[in-house]
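Okay, structure first, notes after.
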Amino acid sequence: FQTPQHLTQRFPRLYALLANKYYVDEVYEATVVAGTLGLSKASFAFDSKVVDGAVNGTRDVTVGTSFFSGFFDLHVVDGLVNAVAKAYEVGSRLLRRVQWGLVQGYAVIMTFGFLAALIAAWLLSR
């Protein structure tokens, strides 16, 4: 009967293979664990650089252009709306003076307008 020390000395490689449990833990660490860590680091880098970069870039562009959008809305759009309202206000003041409530007066104005349209059409057709 041989002692364990004797077998260890006689078969050192077999002893190392069995003592290290066929190196399963080392192989698992080198393949699965290292691969998972590498993939997670690559996923984090892609998310932080590409995805977050696109989101933050879009935010920066939106914030940057919002000033121009607000300026355009305040001064151009609102300015045009207010200008149209002012034109109607001035026009209504002028037209109120023409409206005196007599049908005959309206007929005279319509006649002059019709004659002016005929003359303008005749002049433009020449």
Side-chain angles (χ1 to χ4, degrees):
F1 181 70
Q2 295 182 347
T3 63
Q5 287 81 15
H6 179 68
L7 289 174
T8 303
Q9 290 172 354
R10 189 169 172 199
F11 304 104
R13 288 190 166 168
L14 181 61
Y15 173 75
L17 183 67
L18 293 173
N20 289 308
K21 298 172 272 176
Y22 300 101
Y23 296 99
V24 170
D25 291 340
E26 287 79 3
V27 171
Y28 183 80
E29 177 76 29
T31 57
V32 175
V33 173
T36 302
L37 285 175
L39 182 62
S40 66
K41 287 178 183 178
S43 296
F44 174 76
F46 180 80
D47 178 57
S48 64
K49 302 289 185 208
V50 176
V51 175
D52 291 347
V55 170
N56 292 336
T58 303
R59 180 197 55 88
D60 292 342
V61 168
T62 302
V63 168
T65 59
S66 67
F67 169 76
F68 298 110
S69 174
F71 181 84
F72 182 81
D73 181 54
L74 182 64
H75 295 288
V76 176
V77 175
D78 290 350
L80 287 174
V81 169
N82 292 337
V84 169
K86 191 66 170 175
Y88 274 107
E89 179 185 350
V90 170
S92 68
R93 283 192 186 141
L94 294 173
L95 289 176
R96 273 187 237 145
R97 293 184 180 162
V98 177
Q99 295 179 347
W100 54 86
L102 297 174
V103 176
Q104 294 88 351
Y106 299 150
V108 168
I109 291 174
M110 286 174 46
T111 304
F112 282 125
F114 180 71
L115 290 175
L118 284 177
I119 292 170
W122 179 72
L123 288 174
L124 290 175
S125 69
R126 295 180 100 212

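- Taking OH of Y106 as the start and OG1 of T111 as the end, the distance is 14.5 Å to the nearest 0.5 Å.
- Here the straight-line distance linking atom CD1 of I119 with atom CG of L124 works out to 12.0 Å at 0.5 Å rounding.
- Side-chain N or O atoms of T8 include one that pairs as donor or acceptor with a backbone N or O of P4 at under 3.5 Å.
- Distance alone, capped at 3.5 Å, places no donor-acceptor pair between the S69 side chain and the S66 backbone.
- Cluster annotation: F71 and V77 are assigned to distinct hydrophobic clusters (Ile/Leu/Val/Met/Phe/Trp/Tyr, side-chain heavy-atom contacts under 4.5 Å, transitive).
- Under the 4.5 Å side-chain contact rule for hydrophobic residues, F72 and L80 share a cluster.
- Applying the ring pair (Phe, Tyr, Trp, His ring centres under 6.0 Å) rule to pairs touching residues 7-53 yields nothing, sequence neighbours excluded.
- Exactly one of V61, T62, V55, V63 qualifies for a side chain to side chain contact (heavy atoms under 4.5 Å, CB included) with R59. That residue is V63.
- The nearest pair of heavy atoms linking L7 to Q2 is CD2-OE1, 2.9 Å.
- Of all non-hydrogen atoms in W122 and S125, the two that sit nearest each other are O-OG, 2.9 Å.
- A distance of 10.0 Å separates NE2 of H75 from CG of D73, quoted to the nearest 0.5 Å.
- Transitive grouping of hydrophobic side chains (ILVMFWY, heavy atoms separated by less than 4.5 Å) keeps L95 and I109 in distinct clusters.
- In this structure, the separation between CD on E89 and CG on L94 is 11.0 Å, given to the nearest 0.5 Å.
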